[in-house]
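The structure appears right after this line, and notes come after that.
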Amino acid sequence: MQLRYNYRVYPTLAQQQSLARAFGCARVVFNDALRARQEAREQGLPYISDGDLSKQVITEAKTTPERAWLGEVSAVVLQQALADLNLAYRNFFASLPGKRKGRKVAPPRFRSRKDNRQAIRFTANARFKVMDNGRLRLPKIGDLAVRWSRALPAAPSSVTIVMDAVGRYFASFVVQVADEPLPPADAEVGIDLGLTHFAVLSDGTKVAAPQFLRKAARKLRRLQQDLSRKQRGSNNRKKAVVAVAKAHARVVDTRRDWQHKLSTEIIRDNQAVYVEDLCVTGLARTRLAKSVHDAGWAGFTAMLEYKAARYGRIFDKIDRFAPTSQTCSACGRLDGPKPLNVRSWTCPCGAIHDRDVNAAINVLAAGRAESLNACGAQVRPAPVPAPREEAGIRPRATPCSTRSTEAIPIPQGGENVNGTGTP
Ligand SMILES: [Zn+2]
């Protein structure tokens, strides 16, 4: 399995300038390539192949006076920017009607200097190196100081250098790690994710929603007001922007740490974990949107999924149309829809149900049933987490192993690190 390991890095002023140049070059190559494809399309010409595009916007462009400066950065960085674009196109094509299930993917967009996140990627070809003295050597950038919060478990296959909205720098390594099956556990659990509680488990445990964003709301509102009073283009305004971004980043970081702890605990204690597959995009358009985004269910289920695969547990999502909150978990009677304010109800069979615990028990039952169906009486192995792999990198295929990348959201208020997915 491929995991991502993130560390804070502290480039010197000179290195920051080199990085800024590399971010800029990668962005220009990406945008030139996107423009070339768009123009070809407008003129009714065929889709430009990946190889031709690379020649056009990198190799040939370097020989022109307008783009000669592309030669100042590592060629790998430029190739990886193109790989990102090619992958974005493949995902877009794959999501066109009839090709693939799931959410629609928008066509690639131009990158901007003002984007909240700037990133460049070095693969092994670029000969980046973790030095014995703990510094990270990057071609044409220099040796960066890294805060190694924990050791890398193996040699990384790539490193992405990210600058976030707050101006912090991170090195995000992709590392192939061996699975580490935990000793078998007896328990199995169904999880109902909700708004009154973050999660309710089929054993009756209720995990309160921490509401990090709501708790920080007051401070955020004050910072936002400060910002709105500052003159456009002033230095004080720049400072205020950073303060707002920092406060948001803190919310994201805290939420992620909390979710890591909870998901690790659940995976450690249970042999099988089943979750109701929520229609998050649908809910996020309702007036509950703020709470939905604050909860961050998608990130949490992604953590459960990859940890299950890594630690030899079963994980499955239950069809979101299963009426888990309407069915009596004792007798199976379908009792009709219950408004959200009905917290407990009594079934004609005599069972008294807590709405959420009952739903979690039904999720567990549905998960068990699906596991049995899938593979006779045998419990099937954990499904592979939706593989997200780096563009342009082909991990060595290891037999019987699953490929996936840990989805650590980098503060951007968003989901995933690189716009990457499997072609
Ligand atoms: Zn009943």
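Because only heavy atoms are used, hydrogens play no part in the values below, and waters and symmetry mates are left out as well, while side chains stay in.
- Between Arg218 atom CZ and Arg222 atom CZ the span is 9.5 Å, to the nearest 0.5 Å.
- Across all non-hydrogen atoms, the minimal contact from Gln271 to Gly312 is NE2-O, 3.6 Å.
- For the atom pair CZ (Phe92) and CG (Leu96), the distance works out to 5.0 Å, reported to the nearest 0.5 Å.
- Using a 4.0 Å cut-off between charged side-chain N and carboxylate O, Arg121 and Asp84 make a salt bridge.
- Between Val200 and Val207, every side-chain heavy-atom pair lies at or beyond the 4.5 Å cut-off.
- Between the Asp115 side chain and the Ser112 main chain, a donor and an acceptor come within less than 3.5 Å of each other.
- In this structure, CG in Asp143 is found 10.0 Å from OG1 in Thr12, a value given to the nearest 0.5 Å.
- For the residue pair Tyr169 / Arg8, no side-chain donor-acceptor distance below 3.5 Å is found, with atom types taken as modelled.
- Side-chain contact between Tyr5 and Pro156 is absent, with no heavy-atom pair separated by less than 4.5 Å.
- Atom CZ of Arg137 has 12 or fewer neighbouring heavy atoms from other residues, nucleotides or ligands inside a 6.0 Å radius.
- At least one donor-acceptor pair closer than 3.5 Å links the side chain of Arg313 to the backbone N or O of Asn270.
- What you find for Ser149 and Asn6 is that their closest heavy atoms are OG-O, 4.3 Å.
- Residues Asn358 and Thr327 approach most closely at ND2-O, 2.8 Å, considering heavy atoms.
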Hey, mind stepping through Asp50 and Arg90 against side-chain contact (heavy atoms from CB on, under 4.5 Å) and telling me if it holds?
-> CA-CA 11 Å; Asp50 297 357; Arg90 282 203 295 278; 3.9 Å; yes
Begin with the C-alpha distance, continue with both residues' side-chain angles, and end with the deciding distance and a verdict on side-chain contact (heavy atoms from CB on, under 4.5 Å) for Arg232 and Arg237.
-> CA-CA 7 Å; Arg232 269 191 179 278; Arg237 188 184 164 87; 4.2 Å; yes
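- Using a 4.5 Å heavy-atom threshold, the side chains of Val77 and Phe122 count as touching.
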Which is it for Phe170 and Val159 under the side-chain contact (heavy atoms from CB on, under 4.5 Å) test, yes or no, and what are the steps along the way?
-> CA-CA 10 Å; Phe170 297 91; Val159 60; over 6 Å; no
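- Rounded to the nearest 0.5 angstrom, Tyr274 OH and Arg368 CZ are separated by 7.0 Å.
- Here Asp226 does not pair with Arg221 in a salt bridge; the nearest charged N to carboxylate O distance is not below 4.0 Å.
- Exactly one residue among Val73, Ile120, Val9 makes a side chain to side chain contact (heavy atoms under 4.5 Å, CB included) with Leu19. That residue is Ile120.
- You'll find the ring centres of Phe198 and Phe300 inside the 6.0 Å limit.
- Side-chain contact between Phe315 and Glu305 is present, with heavy atoms from C-beta onward closer than 4.5 Å.
- A donor-acceptor pair under 3.5 Å is formed between the side chain of Ser202 and the backbone N or O of Gly190.
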Run the side-chain contact (heavy atoms from CB on, under 4.5 Å) check on Asp164 and Arg117 step by step: do they pass?
-> CA-CA 5 Å; Asp164 71 7; Arg117 179 180 174 279; 5.8 Å; no
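- Val76 places a side-chain heavy atom less than 4.5 Å from the side chain of Gln79.
- Within 6.0 Å of the CD atom in Gln225, the count of heavy atoms belonging to other residues, nucleotides or ligands exceeds 12.
- Remark: Lys230 NZ is packed, more than 12 non-hydrogen atoms of other residues, nucleotides or ligands lying under 6.0 Å away.
- The backbone N or O of Ala359 lies less than 3.5 Å from no partner atom in the side chain of Thr324, so there is not a single donor-acceptor pair.
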Test Lys307 against Thr264 for side chain to side chain donor-acceptor pair (under 3.5 Å), laying out the working first.
-> CA-CA 7 Å; Lys307 287 179 185 176; Thr264 299; 2.9 Å; yes
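- In Asn341, the CG atom is crowded: over 12 heavy atoms of neighbouring residues, nucleotides or ligands sit closer than 6.0 Å.
- When every heavy atom of Leu70 is checked against every heavy atom of Cys25, the shortest pair comes out as CD2-CB, 3.8 Å.
- A donor-acceptor contact shorter than 3.5 Å links the side chain of Gln16 to the backbone of Pro11.
- Looking at every heavy atom in both residues, Leu85 comes nearest to Arg37 through CD2-NH1, 4.1 Å.
- By the 4.0 Å N-to-carboxylate-O rule, Arg168 lies close enough to Asp253 to be salt-bridged with it.
- Contact of the Val273 side chain with the Ile314 side chain is not registered, since no non-hydrogen atoms from C-beta on lie closer than 4.5 Å.
- With a 4.5 Å cut-off on side-chain heavy atoms, Ile161 and Leu136 count as touching.
- Atom CD1 of Ile266 is separated from atom NZ of Lys261 by 14.0 Å, given to the nearest 0.5 angstrom.
- Checked against salt bridge (Lys or Arg N to Asp or Glu O under 4.0 Å), Glu72 has the following partners two or more places apart in sequence or in another chain: Arg21.
- Under the 3.5 Å distance criterion, the side-chain polar atoms of Thr205 are left unmatched by any main-chain donor or acceptor of Leu201.
- Without hydrogens or angle criteria, Glu276 side chain to Lys317 main chain gives no donor-acceptor distance under 3.5 Å.
- Side-chain contact between Val146 and Arg135 is absent, with no heavy atoms from C-beta onward closer than 4.5 Å.
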Just do the side chain to side chain donor-acceptor pair (under 3.5 Å) check on Arg111 and Gln118 with the steps written out, would you?
-> CA-CA 9 Å; Arg111 289 182 176 174; Gln118 303 288 335; over 6 Å; no
Could you check Phe173 against Trp148 for ring-ring contact (aromatic ring centres under 6.0 Å, His included), going step by step and ending with a plain yes or no?
-> CA-CA 12 Å; Phe173 295 92; Trp148 297 102; 5.8 Å; yes
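- Using a distance-only test at 3.5 Å, with no hydrogens or angles considered, no donor-acceptor pair links the side chain of Asp179 to the main chain of Pro181.
- The nearest pair of heavy atoms linking Tyr311 to Glu180 is CD2-O, 3.2 Å.
- Side-chain atoms of Ser172 and Arg4 form a donor-acceptor pair, as typed in the model, at a separation below 3.5 Å.
- Here side chain to side chain donor-acceptor pair (under 3.5 Å) pairs that include residues 53-68, with residues two or more places apart or in two chains, are Asp32-Arg67.
- A ring-ring contact (aromatic ring centres under 6.0 Å, His included) check over residues 27-64, counting only residues at least two apart or in different chains, returns the pairs Tyr47-Tyr89, Tyr47-Phe93.
- Put simply, OG on Ser158 and CG on Asn125 are 11.0 Å apart, with the number rounded to the nearest 0.5 Å.
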